[in-house]
Amino acid sequence: MQFSEDLAVDDFLRSCQHPFTLKDFTRAMNGKGFSLSQREGEDYLAESPYVSWIEDGKFITRAAAFTGRFFSFTLTPEEFKNKMFVPGSRFMPFVDEMQNPASWTYIFNGAAVPHKVGSFRKETALDLNILYGEEYEVQYIAADPAMGGFDLARTDFELPPTVQITGCDLSQFIDGMGLRAGDRIVCRVTNWDKGEIEIFPQAKRRDESKGIVQIGEDDRERLAWGDLFEKSLLTILEREGPCATIEEQLAFAFYENIDGLCSFNCDSVENYLLHSKKIGLELFGVETRLWHKGQDVPAVGLWNKNDMEKDPGDLANLKFKIPDYILDDYLRDFEFKKQKDLTVLLKTMFPENFALTPHEKNYVLLHIAGRHAIIAKNYNYFADFPVGQIRSDALDLYSRVCSLVYDVETSSAKFDKFPQNELVVLSQLFAHINRILESIDSNPDAAVEDQGTLSLSLEGMEYNFEDIEGALRSVIESEKKNSFTIV
C-alpha cells in the first residue's frame with residue numbers, strides 16, 4: 001500500500017500546474033483512494049523534491065513554477081563542430097534534475113528534433129556540467145548512456161581525455177539557418193514530468209560584408225537580465241543561504257523575479273558567472289555552492305540562526321532519531337556478522353556518551369528484539385552476502401559520524417564556536433551516509449552493481465571524517481574543561 005501511495009503522491013506533485021494548500025493536497029489524495037492525515041500530508045510535502053516553496057499557506061511545485069518559462073544558453077565551439085548542443089547543467093533549475101538528460105524530448109515547430117551523440121574534450125564536458133559542482137559533474141557525465149560500459153570506479157572517478165555525450169541534433173539549424181558558435185538557443189519546458197523541451201535557435205544578426213555582429217535591443221535586454229539576476233541571487237544568498245544544492249539556490253533566485261528573468265531575451269547563469277565579480281562557485285564543506293566570490297560559505301547565518309540556537313535540555317532522545325530502515329540495517333548486519341548478543345549491538349547503535357536509564361535500556365532492547373525476530377525469521381546469509389559487506393562498512397562509518405554529531409549537539413559550546421567548514425562537512429557526511437544506507441535498503445541489487453563506486457565513496461567519506469574529527473572534538477573537550485569549577 002505504501003508503495004502505491006508514494007506513487008500517487010509523486011504523480012500529483014510532478015504534474016500539478018497551480019499553487020495548492022495542504023488541504024487541497026490531502027483532498028486530491030483522498031480522491032485517489034489514499035486517506036492522509038494532516039501530519040502525513042505535511043511530511044510528504046516537506047520531503048518531496050518536487051515541492052520547493054510555501055507562500056501564505058500555499059505550495060507550488062517545480063512543474064508549476066517553471067513549465068513554459070524561457071531560459072537560454074550559447075552554443076560553444078565544440079558543440080558547433082559536433083552540430084549539436086549538450087544540455088548539461090545549463091537546463092538547471094527548469095527541468096527535473098533526477099531525469100537523465102539523454103531521455104529528454106526536444107521539439108521545434110511542433111516536431112521532435114533527433115538526439116545526437118558527440119565526442120567532447122573532458123574539459124569541455126566538465127564546463128558544460130559545472131553547476132552540478134565538482135563533487136557531481138563527473139558522475140553526471142559518466143551516467144550518459146553514450147558512455148556505455150565506462151566504469152567510473154575503476155578509474156578512481158577520472159574521466160578519459162575524450163567523452164561521448166548525448167544531446168540535441170542541430171544539423172538542420174546550422175546547415176539551414178547558419179547557426180554558429182556563440183549563437184543562442186532559447187528553451188522552455190512544455191511538459192515537466194515527461195521532460196519535453198521546446199527549442200528556439202537564435203542566430204545573431206551579422207553584417208557579413210564587415211564580418212561583425214550587430215548589437216540589437218535583445219542584447220541590451222540580456223545586459224539588464226544580468227543585473228536583475230544578480231539582485232535576485234544576492235537576496236537569496238542572504239535569506240536562504242547555501243540551501244541544499246546549487247539547483248535549489250537557482251530555483252529560489254529565478255522564482256524571486258520569475259517574469260523578468262524568464263523573458264525570451266534572457267541570458268544564462270553560466271554567462272553571468274563568467275563575468276561576475278560578486279558571485280562565484282565556492283566550496284561548501286565537501287560540496288559546492290553559489291556564494292560571494294572568494295568568501296567561505298558559513299555554516300550559520302540569518303537563514304538558520306534561530307534553528308541553530310542550542311539548548312541541550314530540549315534535544316530529543318537520540319533513539320527517536322534512528323530511522324527504522326537504519327535500525328533494520330543494523331539488525332541485518334548483526335545477522336551478517338553472525339553475532340548473538342543484542343546488548344553489544346545496542347552499544348554500537350548509540351554514541352558512547354549517550355546514557356540510557358535501566359528502564360529506557362529495557363524498552364529499547366525489547367523494541368530491537370521485536371524487530372530482530374521479524375528480520376531473523378526471513379534472513380538468508382547467502383542471499384545477503386553480496387551487499388552485506390557494503391552495508392557493514394557504511395554502518396561502521398554511520399556509527400562514528402552519529403557519535404560525533406551527538407557530541408557536538410550536546411556540547412555546551414555554541415555552534416559558532418566550532419570551525420565552520422568542519423561543521424558543514426560533518427552535516428554533509430551525515431546526510432550522505434544516510435542516503436547511502438537508504439539506497440542499500442531500498443535497492444540492494446543496485447548497490448551490488450555499484451559496489452565499486454560505493455566503496456570509493458565510503459573511502460572518501462571516511463577520509464573526510466578523519467580530517468574534521470580532531471578539530472571538532474578539540475572544541476568539545478575544551479568546553480568540557482572550561483565547564484569545571486574549582487570548589
Side-chain angles (χ1 to χ4, degrees), residues 3 5-20 25 28 44-54 59-73 85-107 112-113 115 128-133 135-147 165-168 185-199 243-256 258 261-262 266 268-270 287-288 290 431 435 438-439 442-443 446:
F3 178 70
E5 184 175 283
D6 290 345
L7 287 177
V9 169
D10 284 353
D11 180 62
F12 174 82
L13 296 178
R14 291 184 62 84
S15 58
C16 181
Q17 292 290 318
H18 53 78
F20 61 94
F25 172 59
Y44 268 122
L45 295 178
E47 295 171 5
S48 174
Y50 311 129
V51 182
S52 298
W53 307 277
I54 177 171
F59 295 85
I60 187 167
T61 66
R62 292 293 179 91
F66 293 126
T67 298
R69 300 294 187 173
F70 292 111
F71 61 97
S72 74
F73 57 89
F85 74 70
V86 175
S89 61
R90 299 185 292 189
F91 281 34
M92 184 188 294
F94 297 89
V95 293
D96 177 8
E97 64 171 341
M98 301 304 292
Q99 292 178 335
N100 192 310
S103 69
W104 291 336
T105 300
Y106 303 104
I107 300 167
V113 181
H115 287 85
L128 292 171
N129 289 273
I130 195 170
L131 293 178
Y132 291 127
E135 64 274 21
Y136 296 120
E137 57 187 0
V138 171
Q139 297 176 54
Y140 273 93
I141 296 168
D144 193 304
M147 291 296 286
I165 309 180
T166 305
C168 177
I185 309 293
V186 179
C187 307
R188 68 177 173 191
V189 175
T190 54
N191 190 312
W192 192 90
D193 181 39
K194 294 181 179 179
E196 295 178 355
I197 298 111
E198 188 174 14
I199 64 171
C243 297
T245 60
I246 291 176
E247 197 269 350
E248 188 173 73
Q249 288 182 304
L250 290 174
F252 278 124
F254 274 99
Y255 195 68
E256 182 77 10
I258 190 73
L261 292 175
C262 293
C266 56
S268 64
V269 175
E270 297 78 16
E287 300 179 354
T288 310
L290 293 168
R435 282 199 292 269
E438 187 174 14
S439 68
S442 62
N443 196 340

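In this chain, numbering begins with 1 at the start of the sequence shown.
Side-chain contact between Val9 and Phe25 is present, with heavy atoms from C-beta onward closer than 4.5 Å. Taking 4.5 Å as the limit, every side-chain heavy atom of Trp192 sits out of range of all side-chain heavy atoms of Thr61. Side chains of Ser89 and Tyr140 form no contact here, defined as non-hydrogen atoms less than 4.5 Å apart. Taking the side chain as every heavy atom from C-beta outward, Ile258 and Phe66 approach each other to under 4.5 Å. Within the 4.5 Å cutoff, the side chain of Leu13 has heavy atoms near those of the Leu45 side chain. By the 4.5 Å heavy-atom criterion applied to side chains, Tyr50 and Asp10 are counted as neighbours. Between Asp96 and Arg14, some side-chain heavy-atom pair lies under the 4.5 Å cut-off.
A donor-acceptor contact under 3.5 angstrom links the side chains of Asp144 and Thr166, judged on distance only.
What you find for Gly195 and Gln99 is that their closest heavy atoms are CA-OE1, 3.7 Å. Between Ala63 and Cys16 the shortest heavy-atom distance is CB-O, 4.1 Å. Annotation for Ile130 and Glu137: closest pair CA-OE1, 3.6 Å, computed over non-hydrogen atoms. When all heavy atoms of Pro49 and Arg62 are compared, the pair lying nearest together is O-CG, 4.1 Å. Contact record, Pro101 with Pro87: CB-CG, 3.7 Å, taken as the closest heavy-atom pair. Nearest heavy-atom pair, Ile199 versus Cys168, reported as atom, atom and distance to 0.1 Å: CD1-SG, 4.0 Å.
Distance check: Met92 CE to Leu250 CG gives 6.5 Å after rounding to the nearest 0.5 Å. Here Tyr136 contributes atom OH and Ile246 contributes atom CD1; the two are 10.5 Å apart, rounded to the nearest 0.5 Å. With values rounded to the nearest 0.5 angstrom, Ile107 atom CD1 is found 5.0 Å from Glu196 atom CD. Atom CD1 of Ile141 sits about 8.0 Å away from atom CE of Met147, to the nearest 0.5 Å. Atom SG of residue Cys187 and atom CZ of residue Phe94 lie 10.0 Å apart, to the nearest 0.5 angstrom. Atoms CD and CZ, on Glu247 and Phe252 in that order, are 10.0 Å from each other to the nearest 0.5 Å.
Ring centers of Phe12 and Tyr44: at least 6.0 Å apart, outside the cut-off.
Judged as a ring-ring contact (aromatic ring centres under 6.0 Å, His included), and not counting sequence neighbours, the contacts of Phe91 are Phe71, Phe73, Trp104.
A donor-acceptor pair is defined here as one N or O able to donate and one able to accept, closer than 3.5 Å; no such pair exists between the side chain of Glu287 and the backbone of Glu135. With hydrogens and angles ignored, the 3.5 Å screen pairs no side-chain donor or acceptor of Glu248 with any backbone N or O of Cys243. Within the 3.5 Å criterion, the main-chain N or O of Gly88 finds a donor-acceptor partner in the side chain of Tyr132.
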